[in-house]
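In what follows, every chain begins at residue 1, and chains take the letters A, B, ... in the order their sequences are listed.
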2 protein chains.
Amino acid sequence: MDAGYRLPTTRPAGEDCRQSLPSPLYKFDSTAITKKGRRGQQISSPSAHTGHIFFVTSGLARKFAIQPDGHRHIVNLLLPGDIVCLDGGIEETYFLEAAIDDTVIVGYTRRRIEELIAADPQFGREIQKMVLHSLARLERQLLILGRITAIEKVAGFLLEFAARLSQEKPNTLTLPISRYDIADFIGISSETVCRCMTELTRRGAIALPQPRQVTIIDRDILEDTEH
Amino acid sequence: MDAGYRLPTTRPAGEDCRQSLPSPLYKFDSTAITKKGRRGQQISSPSAHTGHIFFVTSGLARKFAIQPDGHRHIVNLLLPGDIVCLDGGIEETYFLEAAIDDTVIVGYTRRRIEELIAADPQFGREIQKMVLHSLARLERQLLILGRITAIEKVAGFLLEFAARLSQEKPNTLTLPISRYDIADFIGISSETVCRCMTELTRRGAIALPQPRQVTIIDRDILEDTEH
DNA sequence: CGCATACTTGATAGGTTTCAAACTGAGTGG
DNA sequence: CCACTCAGTTTGAAACCTATCAAGTATGCG
C-alpha cells in the first residue's frame with residue numbers, strides 16, 4: 001500500500017533530478033557517486049562513505065539510529081535540495097535509507113566540494129546557506145520534540161512538513177511516510193500519532209480524506225494546538 | 001547560590017580566553033564584537049546581529065526559544081569552542097543568554113569569516129569541522145529528546161555533558177546549570193529531573209555529594225539506563 | 001479471494017505533569 | 001552573630017497522558 005506514494009513535484013523524473021543541486025554540481029563529476037534506492041533500501045553506509053557530503057535530488061530519505069533496545073529514531077527526513085553528511089563527529093552509526101521509491105542521492109567528497117568552493121565563491125555561499133538551513137531545521141525539530149503533549153508534537157510536525165513540501169496548495173499535503181515513520185520522527189508511538197490525527201480532525205483543524213491525505217481546514221486551530 | 005559556579009577550565013580568565021578561537025581569529029579584528037555577560041544576561045539579539053557568527057570563548061551560553069504559552073525551551077548549551085549563529089533561516093526568535101557569570105562571546109560578520117577562509121584554507125576546514133560537530137551534537141540531542149522515559153533522557157544528558165566537559169576526571173562533573181535549565185533542555189519538568197537524579201543515585205549509577213556535583217559511580221549502569 | 005501491510009480504536013498499566021509543601025544553603029541586613 | 005530572605009532543590013499526592021498489548025478495519029497486490 002505504501003510503495004505507490006510519491007512526493008508531488010513539478011519536475012519530471014530522470015536526469016532532471018539534478019535541478020535541485022547547486023549549479024556547480026550540474027555537470028557530471030567523476031568523483032560523484034549517485035545512488036538510487038527503492039523504499040526501505042539503505043542508500044549509504046557510514047563506513048563506506050566517510051568524508052562524503054550527499055545531496056538528495058529526488059524522493060525522500062530518512063536518516064536514523066537504532067538504539068540498543070531496538071527502537072528506531074529518525075533524526076532527519078531529507079527532501080530534494082537537502083544536504084546530509086554521515087560523519088559529523090565521533091559518529092554513532094546512523095543509517096541513510098530511501099523512505100519512498102525512486103529516491104536519489106548524489107555524494108561528493110569533501111575535498112571536491114572544497115575545490116569547487118575555491119573555484120566559485122558563490123557556490124560556497126550556496127553550500128553555507130544549505131548548511132545553515134539544515135541547522136535551523138534541526139533546531140525546529142528540537143522544539144517539536146521538546147513539547148509536552150503528543151498532540152502538540154503532531155501539530156508541529158504537520159505544520160513543519162507542510163511548509164517544507166511547499167506545494168501550490170499549501171493547505172493540502174500528501175504524507176509520503178507512514179504513521180510509524182512519523183512516530184519514530186517525533187518520539188511518540190504510532191498509535192498515539194493515529195489518535196492525535198483523529199483528535200485534530202475532531203477539533204476541525206484538519207481533514208483526512210485518506211490516511212495519507214491531510215487537508216488543513218483551520219490553520220489557526222493547528223497553530224494554537226502546537227503550543 | 002548559583003552565581004559562584006564556574007566551569008572548570010585550565011586556562012586563566014582574561015585575554016587568554018581567545019585560546020578557544022581558531023587561530024586566524026586570535027588577532028583582534030575591527031569587525032569583531034566581543035560581549036561579556038553575567039548569568040541571565042542576554043548577550044545577543046537576533047535583530048541586532050543578523051549575519052553574524054559567534055564563538056563562545058569562555059563561560060556557558062544558552063540559546064533558547066520562548067513558546068507562546070510561556071514555556072522556555074533551550075535548544076543549545078554552548079561551551080567554549082562552540083560556534084553559534086542566530087539567523088539560520090526564516091528564523092523564529094531565539095535568545096542567547098549567559099548561563100553563568102563571565103561568559104564571553106566574540107562575533108564576526110559572515111563576510112569577514114569568508115574573507116579569512118579565502119585567505120587561509122586551513123581556517124576554512126576548522127570552521128567546517130566546528131559546524132559539523134555542531135550538527136552532530138544537535139542530532140545527539142534529538143536522540144536524547146526522542147527517548148521514551150525521563151530517566152533515559154537524564155542519563156543521556158549526563159553522559160553527553162560529561163563527555164563535553166571532558167575534564168581530567170571524566171567521572172566527576174560539576175553541573176554549571178540548574179535543574180530548571182536541564183529540564184528545559186531535555187524537555188521534562190524540573191521535578192522529574194530531581195526524581196531521576198535521586199533514582200540514579202538509588203540505583204548506584206551516580207552519587208550527588210552536592211546538588212551540582214555529580215560523580216559517576218557506575219558508567220555501565222548509566223549507559224544501560226540510557227537505552 | 002486471501003494475504004500482507006498499514007491504519008484505527010479500545011483497555012489497562014505505568015509514567016509524568018502539576019500543584020503543594022518542606023528543605024537547603026548562601027547572601028543580607030539588623 | 002543571627003534571623004531573614006530568596007533561589008534552588010527535593011519529596012509527596014493526585015490527575016492526566018501515553019505506551020503497550022490487543023483486536024478490528026481498510027486497502028492494495030498477488
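Within a 6.0 Å sphere centred on CZ of Arg38(A), heavy atoms belonging to other residues, nucleotides or ligands number 12 at most.
An OP1 or OP2 oxygen of dT17(C) is reached within less than 4.0 angstrom by a side-chain nitrogen or oxygen of Thr192(B). Using a 4.0 Å cut-off, no side-chain N or O of Arg179(B) falls inside it from OP1 or OP2 of dA7(D). Remark: Arg202(A) is not in phosphate contact with dT9(C), judged by side-chain N or O atoms under 4.0 Å from OP1 or OP2. Distances shown here put a side-chain N or O of Arg39(A) below 4.0 Å from the OP1 or OP2 atom of dA6(C).
Closest approach to the Tyr180(B) side chain among dC7(C), dT9(D), dT20(D) is made by dT9(D) (side chain taken as heavy atoms from C-beta onward). Taking every side-chain heavy atom of Cys194(B) into account, dT10(D) is the closest of dT18(C), dT8(C), dT10(D). Distance from the side chain of Ala150(B) is smallest for dT16(C) among the nucleotides dC7(C), dT16(C), dA19(D). When distances run from any side-chain atom of Arg195(B) to the nucleotides dG8(D), dC7(C), dT18(C), the shortest one goes to dT18(C). When distances are taken from the side chain of Ile188(B) to each of dA19(D), dT8(C), dT17(C), the shortest belongs to dT17(C).
Of the residues listed (Glu226(A), Arg147(A), Glu152(A)), the one engaging Gln67(B) in a side chain to side chain donor-acceptor pair (under 3.5 Å) is Arg147(A), and it is the only one. Between Val214(A) and the choices Thr172(A), Leu208(A), Thr174(A), the side chain to side chain contact (heavy atoms under 4.5 Å, CB included) rule is met once, by Leu208(A).
The nearest pair of heavy atoms linking Ser58(A) to Pro80(A) is CA-CG, 3.6 Å. Ala205(B) and Ile221(B) make their closest contact through CB-CG2, 3.7 Å (heavy atoms, listed as atom of the first residue, atom of the second, distance). Ile216(A) approaches Pro170(A) most closely through the heavy-atom pair CD1-O, 4.3 Å.
Counting non-hydrogen atoms under 4.0 angstrom, Thr198(A) reaches the backbone sugars and phosphates but no base. Thr149(A) comes within 4.0 angstrom of sugar-phosphate atoms only, judged by non-hydrogen atoms across all strands, and of no base.
The closest donor-acceptor contact from the side chain of Gln141(B) to the backbone of Phe185(B) lies under 3.5 Å.
For Gln210(A) against dC7(C), a side-chain-to-base donor-acceptor contact under 3.5 Å is absent.
For DNA chain C, runs of at least 3 consecutive pairs of the Watson-Crick or G-U wobble type, with both hydrogen-bonding distances under 3.5 angstrom, map to C:1-30 with D:1-30.
Comparing Gly187(B) and Leu208(A) by the nucleotide of DNA chain C whose heavy atom lies nearest to each, the residue mapping closer to the 5' end is Leu208(A).
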